[in-house]
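Please read all numbers here as calculations on a predicted model, not as lab measurements.
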Amino acid sequence: MSANDEKQAFAVVNGDMMTDRLHKAVDITQPTLAPPSTKHQKEELLTAEEQSQQALAERLSLPFLRLKHHNFDESVLNLIPADYARKQDVIPLSINKTHLVVAVATPMDMELFQTLNFVTGFHIDIVVATKRDIQWAVRKYYGAKDDELALESLNGNGAVATPDQQEELMRLSAEKPIVRLVANLIIDAIERRASDIHIKPREKNIELIYRLDGVLSNIRFFSKSLLPAVVSRIKILGGMNIAERRIPQDGRCCVKHKNNTVDLRISIMPTVEGESVVIRLLNSQVGLKSVSELGFSEHDQEVFVDLLHKSNGIFLVTGPTGSGKSTTLYAALAEVQRQNVNILTVEDPVEYHMDGIQQIQINNATGYTFARALRNILRHDPDVILVGEIRDHETGKIAVESALTGHLVLSTLHTNNAAGAVTRLLEMGIEPYLLTGSLLGVLAQRLVKRNCKHCLEIEPIEPLIRHALDLDLKEQFYASTGCEHCNHTGVAGRMAVYELLGVSDSLRKLIHADITANEIHDYAVKDGMVPLTANALAKARAKEISLAEVYRVRLD
């Protein structure tokens with residue numbers, strides 16, 4: 001279809017031409033548009049999504065709008081229901097007599113246009129915006145209305161005197177505005193790709209915090225009178241006792257959002273200001289990467305892939321909680337899966353669902369531990385086994401013995417560096433001869449904040465950091481200060497820094513009961529391993545991360 005055909009198809013609706021009405025919308029929104037003086041400047045100001053949406057708007061002779069620059073008429077929000085605005089990614093902007101200006105991300109959707117016309121009773125003037133901008137506006141403006149409706153529904157009964165008032169708590173948590181408020185908090189966090197939701201009671205209000213790219217980010221505050229009803233609703237979702245407010249409780253549930261299943265792990269903790277809530281979001285569709293997307297150097301990627309193509313042995317990924325170990329292991333599974341092998345995993349919890357791989361959830365409450373599951377799956381003819389974590393001697397011994405009997409085993413350990421994994425297994429009671437015959441390699445990693453390339457500036461560096469990293473006083477590094485492209489955070493996602501220890505034949509000969517992690521590390525560096533600190537420093541010199549991030553994750 002040509003550009004002219006697209007314009008004509010879009011213009012003809014219900015037997016009349018709407019082109020004139022669309023051009024009227026330009027006059028309404030023109031003050032909020034920011035036309036740069038040259039095409040080159042324009043491309044610098046716009047993100048890739050904005051450029052794509054602006055090109056679409058130009059083809060359809062429609063205005064393009066950056067919503068963060070627009071002065072919203074909040075009185076028109078009631079014309080489009082909040083649930084519909086969230087589902088269809090639309091938001092009303094203003095009224096001009098009989099015309100309602102609506103920002104949409106899909107201007108070619110004729111059914112959407114007709115529905116808006118029917119629902120609002122106005123002639124619709126369409127403005128094109130990015131999906132990200134519309135979701136931001138819906139969160140900001142409809143979110144405030146959700147709070148107001150929830151407060152109205154409580155009718156002054158938000159504060160519950162005692163934990164014995166179970167019927168009252170049930171009634172409050174079942175109120176439709178409360179249900180909508182909690183659902184929208186979760187949906188908002190999923191759309192922002194948050195890893196955790198924190199609902200933190202304070203003296204006079206409640207603070208809503210998301211963990212975005214590893215950073216706790218304050219989202220907004222809402223009335224403290226909502227706390228009992230909100231917490232009760234979350235307890236119902238997690239299958240917890242809503243009447244019990246004196247002891248910590250844990251729960252879990254699954255939610256579906258736009259055909260995407262997200263697991264929620266809920267923790268509720270009583271504090272002097274009220275019950276505090278943390279919800280961990282495990283999104284099975286977000287975070288899966290291929291090996292090529294992990295950020296390895298060309299040489300290290302070859303080494304990593306070669307280790308994964310071994311028919312037997314054990315490969316470990318180490319690092320603290322939240323260092324991306326699971327992401328790396330699932331990328332490894334995706335690589336191994338190409339070999340047409342039988343793969344079984346034993347996890348707690350199953351974070352990402354992968355088609356074609358048999359994944360097993362352990363249950364400590366019923367005694368179905370890592371060790372017991374491992375003993376069972378060895379009779380299930382596996383070629384490759386992923387063990388979520390080696391926590392004790394029994395699990396470690398079965399994993400190592402499985403590697404010696406013809407299986408490729410992938411697992412994680414909590415150690416600071418790659419060399420520490422060897423001594424940690426020895427401390428668990430694994431015999432040295434078992435390790436020398438089975439250990440293929442160890443990857444130690446950390447996650448660091450990636451610089452936003454649009455707001456890079458020379459980074460001021462304290463003398464202490466230069467001295468600790470042994471850097472020249474004149475060497476310059478760069479950090480991001482925050483702009484519209486990164487929501488003024490200075491962070492454009494996260495990336496891994498790492499050290500990859502391949503266990504060579506000469507290194508195997510060094511492994512004995514009394515060897516130290518420092519001895520293994522020093523030998524591995526002589527053997528060609530790039531230490532994690534050096535790997536992070538190289539990324540800082542390439543302006544990918546700040547020097548402050550290098551200092552934060554450095555290994556002494």
(message) Among residues at least two apart in sequence or on other chains, which ones pass side-chain hydrogen bond (donor to acceptor under 3.5 Å, both in side chains) with T271?
(response) none
(request) Could you walk me through whether F122 and N117 pass the side chain to side chain contact (heavy atoms under 4.5 Å, CB included) test, one step at a time? (result) CA-CA 6 Å; F122 285 85; N117 204 338; 5.9 Å; no
(request) Identify, with sequence neighbours excluded, every residue that meets side chain to side chain contact (heavy atoms under 4.5 Å, CB included) alongside A492. (result) C452
(request) Taking K204 for its side chain and K224 for its backbone only, find out whether a donor-acceptor pair lies under 3.5 Å. (result) no
(request) Output all residues satisfying side-chain hydrogen bond (donor to acceptor under 3.5 Å, both in side chains) with E293, sequence neighbours left out; order by chain, then residue number. (result) S290
(request) Kindly compute the distance separating SG (C483) from NE2 (H454), expressed to the nearest 0.5 Å. (result) 6.5 Å
(request) Using a 4.5 Å cut-off on heavy atoms from C-beta on, say whether the side chain of V119 contacts that of P81. (result) yes
(message) Apply side chain to side chain contact (heavy atoms under 4.5 Å, CB included) to residues S94 and V76 and explain how you reach the verdict.
(response) CA-CA 6 Å; S94 58; V76 304; 5.6 Å; no
(message) Return the CZ to CD1 distance between R192 and I197, rounded to the nearest 0.5 Å.
(response) 10.5 Å
(message) For I545 versus M495, what's the shortest heavy-atom pair and its separation?
(response) CG2-SD, 3.7 Å
(request) Flag the pair R193 and E191 as a salt bridge only when some basic side-chain nitrogen lies within less than 4.0 angstrom of an acidic carboxylate oxygen. (result) no
(message) Side chains of F64 and L56, heavy atoms from C-beta outward: is any pair under 4.5 Å?
(response) no
(request) Would you mind listing every salt bridge (Lys or Arg N to Asp or Glu O under 4.0 Å) that reaches into residues 98-107, with sequence neighbours excluded? (result) none
(request) Determine whether the side chains of Q361 and D348 contain a donor N or O and an acceptor N or O closer than 3.5 Å. (result) yes
(request) Sequence neighbours left out, what passes side-chain hydrogen bond (donor to acceptor under 3.5 Å, both in side chains) with R280? Give chain and number order. (result) D196
(request) Evaluate side chain to side chain contact (heavy atoms under 4.5 Å, CB included) for V255 paired with L237, printing each intermediate quantity in order. (result) CA-CA 9 Å; V255 298; L237 290 176; 5.9 Å; no
(request) With the side chain counted from C-beta on, respond yes when L112 and Y84 share a heavy-atom pair under 4.5 Å apart, and no when they do not. (result) yes
(request) Of all the heavy-atom pairs spanning Y330 and V350, show the shortest one and how long it is. (result) OH-CG1, 4.3 Å
(request) Evaluate the criterion salt bridge (charged side-chain N to carboxylate O under 4.0 Å, His left out) for residue pair K539 and E549; output intermediate values, then yes/no. (result) CA-CA 10 Å; K539 287 179 168 58; E549 283 295 280; over 6 Å; no
(message) I'd like to check L100 versus D125 (side-chain heavy atoms, cut-off strictly below 4.5 Å). Are they in contact?
(response) no
(message) Restricting to side chain to side chain contact (heavy atoms under 4.5 Å, CB included), what partner residues turn up for V491, sequence neighbours left out?
(response) D213, K449, T489
(request) Spell out, as yes or no, whether a donor-acceptor pair under 3.5 Å connects the side chain of S223 to the backbone of S225. (result) yes
(request) Identify the two heavy atoms, one from P92 and one from L77, that lie closest to each other, and give their separation to 0.1 Å. (result) CG-CA, 4.0 Å
(request) Check whether any side-chain heavy atom of L547 sits under 4.5 Å from a side-chain heavy atom of Y478, and report yes or no. (result) no
(request) Please name all residues satisfying side chain to side chain contact (heavy atoms under 4.5 Å, CB included) with E389, sequence neighbours left out, ordered by chain then number. (result) R391, T412, H414
(message) I'd like to know if the side chain of Q337 and the backbone of D355 have a donor-acceptor N/O pair within less than 3.5 Å.
(response) yes
(request) Could you tell me whether R66 and E50 have a side-chain N and a carboxylate O separated by less than 4.0 Å? (result) yes
(message) Distance check, rounded to the nearest 0.5 Å: M108 atom CE versus I126 atom CD1?
(response) 11.0 Å
(request) Over all heavy atoms of both residues, which pair between C253 and I266 is shortest? Give the atoms and the distance, please. (result) SG-CD1, 4.4 Å
(request) Could you tell me whether the side chain of R202 and the main chain of N205 form a donor-acceptor pair under 3.5 Å? (result) no
(message) Is any side-chain heavy atom of K453 closer than 4.5 Å to one of S480?
(response) no
(request) Could you tell me whether a side-chain N or O of E275 sits under 3.5 Å from a main-chain N or O of S232, the two making a donor and an acceptor? (result) no
(message) L344: which residues meet the side chain to side chain contact (heavy atoms under 4.5 Å, CB included) condition with it, sequence neighbours left out?
(response) N342, Q358, I360, I377, H380, P382
(request) Heavy atoms only: give me the nearest L329-V317 pair and the separation to one decimal. (result) CD2-CG2, 3.7 Å
(request) Measure from the side-chain N and O atoms of S323 to the backbone N and O of P320, and report whether any donor-acceptor pair falls under 3.5 Å. (result) yes
(message) I'd like to know if the side chain of D109 and the backbone of E111 have a donor-acceptor N/O pair within less than 3.5 Å.
(response) yes
(request) Answer yes or no: is there a side-chain heavy-atom contact under 4.5 Å between I80 and L116? (result) yes
(request) Please identify each residue that fulfils side-chain hydrogen bond (donor to acceptor under 3.5 Å, both in side chains) with T130, with sequence neighbours left out. (result) none
(request) Report the distance from atom CD1 of I343 to atom CG of L386, rounding to the nearest 0.5 Å. (result) 9.0 Å
(request) Ignoring hydrogens and angles, state whether a donor on the side chain of T328 or Q445 is under 3.5 Å from an acceptor on the partner side chain. (result) yes
(message) For E335, give me all partners under salt bridge (Lys or Arg N to Asp or Glu O under 4.0 Å), at least two apart in sequence or on another chain.
(response) R338
(request) Would you check if V231 and I242 make a side-chain contact, meaning some heavy-atom pair closer than 4.5 Å? (result) no
(message) I'd like to check the ring pair (Phe, Tyr, Trp, His ring centres under 6.0 Å) partners of F296; sequence neighbours left out, ordered by chain and number.
(response) F304, Y498
(request) Please step through side chain to side chain contact (heavy atoms under 4.5 Å, CB included) for the pair I209 and I199, ending with a clear verdict. (result) CA-CA 6 Å; I209 302 171; I199 299 175; over 6 Å; no
(request) Identify the two heavy atoms, one from Y210 and one from A194, that lie closest to each other, and give their separation to 0.1 Å. (result) CB-CB, 4.0 Å
(message) Any side-chain to backbone donor/acceptor pair from Q135 onto R86? Under 3.5 Å, distance only.
(response) no
(message) Suppose we screen for salt bridge (Lys or Arg N to Asp or Glu O under 4.0 Å). Which residues come up paired with R265, at least two apart in sequence or across chains?
(response) none
(message) Could you check whether E347 and Q359, counting side-chain N and O atoms only, form a donor-acceptor pair closer than 3.5 Å?
(response) yes
(request) Please answer whether the main-chain N or O of A129 pairs with a side-chain N or O of D133 as donor and acceptor at a distance below 3.5 Å. (result) no
(request) With rounding to the nearest 0.5 Å, note down the distance linking CZ in R132 to CG in L67. (result) 12.5 Å
(request) Have a look at N218 and tell me which of H198, E207, K200 forms a side-chain hydrogen bond (donor to acceptor under 3.5 Å, both in side chains) with it. (result) E207
(request) First locate atom CD1 of I247, then atom CE of M269, and finally report the distance between them rounded to the nearest 0.5 Å. (result) 11.0 Å
